[in-house]
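Working notes for the structure below.
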Amino acid sequence: MQTNFSPEQLADPQVAESEKILRKCVHCGFCTATCPTYVLLGDELDSPRGRIYLIKDMLENGRAADAETVTHIDRCLSCLSCMTTCPSGVDYMHLVDHARVHIEKTYRRPLKDRFARSVIAATLPYPSRFRLALRTARLARPLAGLLKRVPWLRTFGIMLDLAPRAVPAASDGARAAVYAAKGTPRGRVALLAGCAQPVLRPEINEATIRLLTGQGVEVVVSAGEGCCGALVHHMGREEQALNAARRNVDIWLKAAEEDGLDAIVITASGCGTTIKDYGHMLRLDPAYAEKAAKVSALAKDITEYLAGLDLPEQGPRGMTVAYHSACSMQHGQKITLAPKQLLKRAGFAVREPAEGHLCCGSAGTYNILQPEISAKLKARKVRNIEATKPNVIATGNIGCITQIASGTNIPILHTVELLDWAYGGPKPAGL
Ligand code: SF4
Ligand code: SF4
């Protein structure tokens, strides 16, 4: 694609990078067929190609974002399905990240939207605030219908609807500590505690620690680390995201310098995609560029790490698992085989639902901010999963777990919970 940026514009490294990305797009439109919003809405401006044109126009003309551009960029799930499909290697992820930051800086959203977004950004990434919000939501749920009818409060009504009916008690099963390896030592890893996941499903990191230590891997959960920054990163809140990244980089490099680390293990693929991108996110910060790149190089999804441990083959368990590959897993991190192979090796029969490339509609805060599109994607995903007639659904991202669980009665677990059970851990509570 031809571009017309001035030398002054290209002096900005963010613009220079986006220009390079734009030039790679040959407008072939292959990406439209696998874009969930184009598949649902059929509008070119809700396709990757249409969004690329909107972003080009906005950046090239150096203009503030307008309402139309914001509408179509906001509808993008950042699922990255378009990147898997694109034959020209267009780096849509970094282009839309830049567009979101530009929107945040130049567009004034209506006050009610700014208020709702600020509440989300100040609550979800902080476990104690998030837990309190979920407990309050349980009590306030009967008001959801009423709130949704008041434009100012609609987002809060949607949040009440989405809040899980039961909130687990705070667990210290994966608190900050060093968990000693059992048997012959095989490695040492840091585990991301994270923010929303330990509140919604503390058993995921507990199962991870049990499985890894049982296989001879020492696990460090470092005090002070927290949200990876993905939630606010996808809202264009750059400084908040970069500060979260800097905090985690400092903490993990300290742990690596003290006793060495083979990997930083992550059990939420949405967080994994972001942590693997820390090197890029902080590339313009001279104090952090190199350190962040080191952290990104150490980051591994739990299934990526387990695939290197050569876990023993187990006999059949007589249980069929529908494996839902999160977008951040298959498109963001390109991890497609490891989770299925690990499940099969552990004795589960694995089914792959149709349209596996399409997002379930969770996408960070998307199900709160774009509830109509999100609900349609959820219904489509659940239909495809239920058609495989599984006993259980497995996936590797907490967002997908909560989204899909709200649309089906089939139990849904993190892949690592099934693996932990197969290798000697307790039967997962959800089964
Ligand atoms: S598939 Fe790639 S090159 Fe083709 S229109 Fe989409 S982004 Fe551009
Ligand atoms: S990231 Fe997903 S929703 Fe956004 S343009 Fe690409 S395929 Fe479409």
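One-based numbering, in listed order, for ligands and for the atoms of each. In this chain, numbering begins with 1 at the start of the sequence shown. Note that the structure is a prediction, hence the values are computed from the model and not measured.
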Margin query: Tell me whether the count of non-hydrogen atoms from other residues, nucleotides or ligands lying under 6.0 Å of CZ in Arg135 goes above 12.
Written below: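 More than 12 within 6.0 Å, yes.
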Next item on the list: Take atom NZ of Lys105 as the centre, draw a 6.0 Å sphere, and report whether it contains more than 12 heavy atoms from other residues, nucleotides or ligands.
Entry: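 Not buried by this count: 12 neighbours or fewer within 6.0 Å.
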Please write down residue, atom name and distance for the protein heavy atom closest to [atom].
| atom | value |
| --- | --- |
| atom 5 (S) of ligand 2 | Arg51 NH1, 3.1 Å |
| atom 2 (Fe) of ligand 2 | Cys79 SG, 2.3 Å |
| atom 4 (Fe) of ligand 2 | Cys76 SG, 2.3 Å |
| atom 6 (Fe) of ligand 1 | Cys31 SG, 2.3 Å |
| atom 8 (Fe) of ligand 1 | Cys25 SG, 2.4 Å |

What atoms in ligand 1 come closer than 4.0 Å to a heavy atom of [X]?
| X | value |
| --- | --- |
| Pro87 | 1 (S) |
| Cys86 | 1 (S), 2 (Fe), 3 (S), 7 (S) |
| Ser88 | 3 (S) |
| Gly29 | 4 (Fe), 5 (S) |

Carboxylate-amine/guanidinium contact [X] [Y], below 4.0 Å:
| X | Y | answer |
| --- | --- | --- |
| Glu19 | Arg23 | yes |
| Lys24 | Asp91 | no |
| Arg283 | Glu17 | yes |
| Arg154 | Glu372 | yes |
| Lys254 | Glu225 | no |
| Arg109 | Asp74 | yes |
| Lys291 | Asp250 | yes |
| Asp310 | Arg345 | yes |

Next item on the list: Report yes or no: does Cys35 have an N/O/S atom closer than 2.8 Å to atom 2 (Fe) of ligand 2?
Entry: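 For Cys35, the answer is no, given that no N, O or S atom comes within less than 2.8 Å of atom 2 (Fe) of ligand 2.
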Notebook entry, point to check: Counting only heavy atoms, which portion of Tyr38 has something under 4.0 Å from ligand 2: side chain, backbone, both, or neither?
Noted result: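 Looking at Tyr38 and ligand 2, no heavy atom falls under 4.0 Å.
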Next item on the list: Please work out whether any backbone atom (N, CA, C, O) or any side-chain heavy atom from C-beta onward of Ser78 is under 4.0 Å from ligand 2, and answer side chain, backbone, both or neither.
Entry: backbone
Pull out every atom of ligand 2 sitting under 4.0 Å from any heavy atom of [X], numbered as shown with elements.
| X | value |
| --- | --- |
| Pro48 | 5 (S) |
| Leu77 | 3 (S), 4 (Fe) |
| Leu80 | 1 (S), 2 (Fe) |

Next item on the list: Look at Cys82 and state whether any of its N, O or S atoms is less than 2.8 Å from atom 8 (Fe) of ligand 2.
Entry: no
Check: How far does OG1 of Thr34 sit from NE2 of His357, to the nearest 0.5 angstrom?
Finding: 5.5 Å
Check: Of the non-hydrogen atoms in Leu343 and Tyr323, which two are nearest, and what is the gap between them?
Finding: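 Closest approach of Leu343 to Tyr323, heavy atoms only: CD1-CD1, 4.2 Å.
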Notebook entry, point to check: With a 4.0 Å cut-off on heavy atoms, is Ile52 touching ligand 1?
Noted result: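 Flag set, Ile52 near ligand 1.
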Check: Is the shortest distance from a heavy atom of Gly89 to ligand 1 less than 4.0 Å?
Finding: no
Next item on the list: Run down the list Val26, Leu22, Asp91 and name the one with the heavy atom closest to atom 3 (S) of ligand 1.
Entry: Val26
Check: Short check: any N/O/S atom of Cys28 below 2.8 Å from atom 8 (Fe) of ligand 1?
Finding: no
